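What follows is a single structure, written as structure tokens, with notes after it.
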Protein chains: 2
Amino acid sequence: MQHGRGIALNSFSAVSDETRRTILDLLIKKPLTVGQINRHFSSLTQPGISKHLAVLRKARLVKVSVSAQNRVYSLDKEGFLELEKWISKYQEFWKSNLDSLVKYLDRNSKSERKVIQK
Amino acid sequence: MQHGRGIALNSFSAVSDETRRTILDLLIKKPLTVGQINRHFSSLTQPGISKHLAVLRKARLVKVSVSAQNRVYSLDKEGFLELEKWISKYQEFWKSNLDSLVKYLDRNSKSERKVIQK
DNA sequence: TGGTTATATAACTGGAATGTAATATATAGT
DNA sequence: ACTATATATTACATTCCAGTTATATAACCA
């Protein structure tokens, strides 16, 4: 691998791809094999799907269990926790009424004399 | 713009970049101008920062207010709502004890006779 | 007015991501 | 043992993205 899909280890870049989000949407319903997932994507080849799954695996958003020649993929909590942890910080921010204070300041930003620190 | 950063409109790809996540981390503390943000990144040029801010703006993760030559950037709730909405679906999934059921099935996947639908 | 400061935009470049075809590997079934 | 099936990996092509330099735009200040 001279580079390619092996770098995207964090869950943020993993979910930035539309196809991978669709795969997660499929797996939330029930665990699926690679072939079953592949059948949902008429425009993608099997190796393409396998690569996306590798990215999701590295980000710990999915996990595999081997069953004969089949690999059954299902959601893995780990990666989702990373995402949740990150977003919860901003949820806290919006929860506090600092939110409306900023809105108030915004409304007056053009008329008010505002000191901007260099 | 023959391509570049103008395509990434959704909040997922916007937050997939480490630099942009750092910018959001700065803005959660307080609104900042482009120059102030730029000073936090010794390795980046001003146009580089402006482009990241353009991506964040299109994803509605930040908003601007003009104050003379300064543009004061602050967090915008819209984009975060999109992210929260997406992740809440998975939070629900993990909340249900389907989670532990899957774990149970995983443990037994090698020993059990499992029927996989083609 | 002229010069400086703050920011955005355009054009370009290198490297990373995404997709493919070909191939390897392992298992099932006959 | 032989063939078919399921999946991963490799090598490669193409597209996309983050960064740069150069330049445009606009407002401030002397």
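All values reported here derive from a predicted model rather than from experimental measurement. To find a chain, count down the sequence lines: A is the first, B the second, and so on, and within it residues start at 1.
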message: Just to be sure I understand the rule, does Ser43(A) reach a base, reach only the sugar-phosphate, or reach nothing, if contact means heavy atoms closer than 4.0 Å?
response: sugar-phosphate
In whole Å, I'd like the distance from the [atom1] atom of [X] to the [atom2] atom of [N].
X	N	atom1	atom2	answer
Asn38(B)	dA6(C)	CG	P	11 Å
Arg57(A)	dT9(D)	CZ	P	6 Å
Gln69(B)	dA6(C)	CD	C1'	6 Å
Arg39(B)	dT5(C)	CZ	P	12 Å
Leu53(A)	dT18(C)	CG	C1'	14 Å
Leu32(B)	dA6(C)	CG	C1'	15 Å
Leu56(B)	dT7(C)	CG	P	16 Å
Lys58(A)	dA17(C)	NZ	C1'	13 Å

Listed nucleotide nearest any side-chain atom of [X], set [options]:
X	options	value
Lys51(B)	dG19(D), dA8(C), dT7(D)	dG19(D)
Thr19(A)	dG19(C), dA27(D), dA8(C)	dG19(C)
Pro47(B)	dA18(D), dT21(D), dT7(D)	dT21(D)
Ser50(A)	dT7(C), dT18(C), dT9(D)	dT9(D)

Walking DNA chain C from its 5' end, the first of Leu44(A) and Arg71(B) to be reached, judged by nearest nucleotide, is Arg71(B)
DNA chain C nearest-nucleotide lookup for Ile49(B) and Ala68(A): closer to the 5′ end is Ile49(B)
Answer yes or no: does a side-chain N or O of [X] lie under 4.0 Å from OP1 or OP2 of [N]?
X	N	result
Tyr73(B)	dA8(C)	yes
Thr45(B)	dT20(D)	yes
His52(A)	dG19(C)	yes

Next on the checklist: Between Leu83(B) and Tyr90(A), does the side-chain contact (heavy atoms from CB on, under 4.5 Å) criterion hold? Intermediate values first, please.
Outcome noted: CA-CA 11 Å; Leu83(B) 293 172; Tyr90(A) 294 93; over 6 Å; no
Q: Could you give me the CA-CA distance, side-chain angles and deciding distance for Ser13(B) and Asn10(B), then say whether side chain to side chain donor-acceptor pair (under 3.5 Å) is met?
A: CA-CA 6 Å; Ser13(B) 28; Asn10(B) 72 311; 2.3 Å; yes
TODO: Measure the shortest side-chain to side-chain distance between Leu56(A) and Tyr73(A) over non-hydrogen atoms and say whether it is less than 4.5 angstrom.
DONE: no
Does one side chain, of Gln46(B) or Ser50(B), offer a donor that lies under 3.5 Å from an acceptor on the other?
-> yes
Here the gap from Leu53(B) atom CG to Arg20(B) atom CZ, rounded to the nearest 0.5 Å, amounts to 10.0 Å
Taking atom types as they are modelled, is there a donor-acceptor pair under 3.5 Å from the base of dA6(C) to the side chain of Gln46(B)? no
